[in-house]
Q: 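One structure, as structure tokens, below. Some questions next.
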2 protein chains.
Amino acid sequence: MADRKEDHLIEDDPTPLYFQLFNEIGIIEQLTRAIFEEHLPDGFLVSHFAVVNSLVRVRDGRTPLELARAFQVPKTTMTHTLSGLEKHGLIEMRPNPRDGRSKQVWLTKNGDIFRENAIRGLVPAFAEFAEKFPPDVVTGIVPILAEMREYLDAARD
Amino acid sequence: MADRKEDHLIEDDPTPLYFQLFNEIGIIEQLTRAIFEEHLPDGFLVSHFAVVNSLVRVRDGRTPLELARAFQVPKTTMTHTLSGLEKHGLIEMRPNPRDGRSKQVWLTKNGDIFRENAIRGLVPAFAEFAEKFPPDVVTGIVPILAEMREYLDAARD
DNA sequence: TTGATTAAGTTCGATATCGAACTATATAAT
DNA sequence: ATTATATAGTTCGATATCGAACTTAATCAA
């Protein structure tokens, strides 16, 4: 029979552990978003960069609704984000030839330059972080985080 | 001399790895916040719960500014959050006997009940999550996340 | 076809976040 | 003591997020 300490440990309420997990994640998100936005030109948010980056990394020509789903934001939010990008000339909205209700989002030359500058601006911050948390440490936790993200995403009905 | 593959690996640009880290964290935050708020009474946000929880877990009687610093939000945001909590009778604002400019935030009985109900409502969601990600897995990554949080917090000038 | 339903995107209204400016009080300097 | 400076909190204005309702076009049914 296990001793009392062990009994206590296995029966201990795990709730605070999960609270801590999501709390740490929430704080890191808040801090990194602030750092991120410090390194973007004035008036640009992470949401702007994320969309532009996705247009390069995945592909452009997607519809606003596809982008809204990719980022899991309401389509009204995506309308707003895209209008900001369009106003700054980083994207072009064209009619969707396959659907008269729809549009396509295309990256402009300036959009591409914006992304490259943004990434260049961020690399030093990453480098500093990487000194303290080298790639192998990050590689150790990213797969679990990705699993959690997938699980939570799927659980979202 | 290391072979080419290895050379490639050690010289490989780690930037995408760090992008992914913060991206996964950002998505998890977004999804868990949504889940969290689904389980709170209508009109309450994570920020409300977080403050009430802190008043129990740390202590009440702290000033709005102390709370703003604890959550790393501008004091104007804390004013807004506290006014919502006060309007619902979950906290009481009293003058600070040590400083005529300042106030103290005290939890009410209803605030305590609110917190207990909120936690009770969240436990099932945690339990489901815990089936897929048992405590030992979470224990494996929380310390690193906590270290990252501390580092980023300290780096914030 | 014609009419009904569904879907893409926008507009509108409500609220959260946050910086700048303001008010009132405390602290420091002389 | 008087004056200058700094601090706690609020108010105000700008913008982001997001749901509801709306417009227009596509699809489905008869």
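In what follows, chains are A, B, ... by sequence order, proteins preceding strands, each numbered from 1.
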Q: Nearest whole angstrom, please: distance from the P of dA14(C) to the NZ of K87(B).
A: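 To the nearest whole Å, that distance equals 14 Å.
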Q: Between T77(A) and dC18(D), is there a contact of a side-chain N or O with OP1 or OP2 at under 4.0 Å?
A: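 Yes.
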Q: For the aromatic rings, using the six-membered ring if either is Trp, is the centroid distance between Y18(A) and F133(B) under 6.0 Å?
A: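 Aromatic pair excluded; centres sit 6.0 Å or further apart.
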Q: Taking the six-membered ring for Trp and the full ring for Phe, Tyr or His, determine whether the centres of H88(B) and F44(B) are under 6.0 Å apart.
A: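 Yes: the rings meet the under 6.0 Å criterion.
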Q: Could you tell me the separation between the CG atom of N96(A) and the C1' atom of dA7(C), rounded to a whole number of Å?
A: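 In whole Å, dA7(C) C1' lies 13 Å from N96(A) CG.
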Q: Can you find a side chain N or O atom of T79(B) that sits less than 4.0 Å from OP1 or OP2 on dT10(D)?
A: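 Checking dT10(D) against T79(B), a side-chain N or O does come within under 4.0 Å of OP1 or OP2.
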Q: In whole Å, I'd like the distance from the CZ atom of F44(B) to the C1' atom of dA16(C).
A: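 That distance rounds to 15 Å.
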Q: Would you mind telling me which of T81(A), D60(A), V105(A) makes a side chain to side chain contact (heavy atoms under 4.5 Å, CB included) with I91(A)?
A: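 Between I91(A) and the candidates, side chain to side chain contact (heavy atoms under 4.5 Å, CB included) is satisfied uniquely by V105(A).
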Q: Rounding to an integer number of Å, can you tell me how far E29(A) CD sits from dT17(C) C1'?
A: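 Distance, rounded to whole Å: 13 Å.
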Q: With the 4.5 Å side-chain cut-off for hydrophobic clustering, are V51(A) and L65(A) part of the same group?
A: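 In one cluster: no.
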Q: dG9(D) P sits how many Å from M93(B) CE, rounded?
A: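 Atom CE in M93(B) sits about 7 Å away from atom P in dG9(D).
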Q: Rounded to whole Å, how long is the line connecting atom CD of Q72(A) with atom P of dG19(D)?
A: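 To the nearest whole Å, that distance equals 13 Å.
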Q: Check the phosphate of dC18(D) against T76(A), side-chain N and O only, distance under 4.0 Å to OP1 or OP2. Yes or no?
A: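 For T76(A), the contact criterion (side-chain N or O under 4.0 Å from OP1 or OP2 of dC18(D)) is not met.
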Q: Would you indicate which nucleotide in dC18(D), dG9(C), dT17(C) comes nearest to any side-chain atom of H80(B)?
A: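 Nearest listed nucleotide: dT17(C).
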Q: Taking for each residue the nucleotide of DNA chain D bearing the nearest heavy atom, is the 5' side occupied by H48(A) or by L82(B)?
A: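 Going by which nucleotide is closer to the 5' end, it is L82(B).
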Q: Give the rounded distance in Å between these two atoms: CZ of R98(B) and C1' of dT25(C).
A: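 Answer to the nearest Å: 17 Å.
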Q: Between K103(A) and R33(A), who's closer to the 5' end of DNA chain C by nearest nucleotide?
A: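 Here K103(A) is the residue nearer the 5' end.
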Q: Specify the separation, in whole Å, of atom CD of E86(B) and atom P of dG9(D).
A: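 Going from E86(B) (CD) to dG9(D) (P), I get 13 Å.
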Q: Can a donor-acceptor pair be found, under 3.5 Å and without considering hydrogens, that links the side chain of T108(A) to the backbone of L90(A)?
A: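 Looks like yes, one N/O pair under 3.5 Å.
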Q: Would you state whether a donor and an acceptor, one from the side chain of K75(B) and one from the base of dG9(D), lie under 3.5 Å apart?
A: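 A donor-acceptor contact between them is present.
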Q: For P64(B) and for P74(A), locate the closest nucleotide of DNA chain D by heavy-atom distance; then report the residue assigned to the nucleotide nearer the 5' terminus.
A: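 Result of the comparison: P64(B).
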Q: Mark yes or no for a side-chain to base donor-acceptor pair under 3.5 Å between R101(A) and dA7(C), with no hydrogen or angle criteria applied.
A: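 A donor-acceptor contact between them is present.
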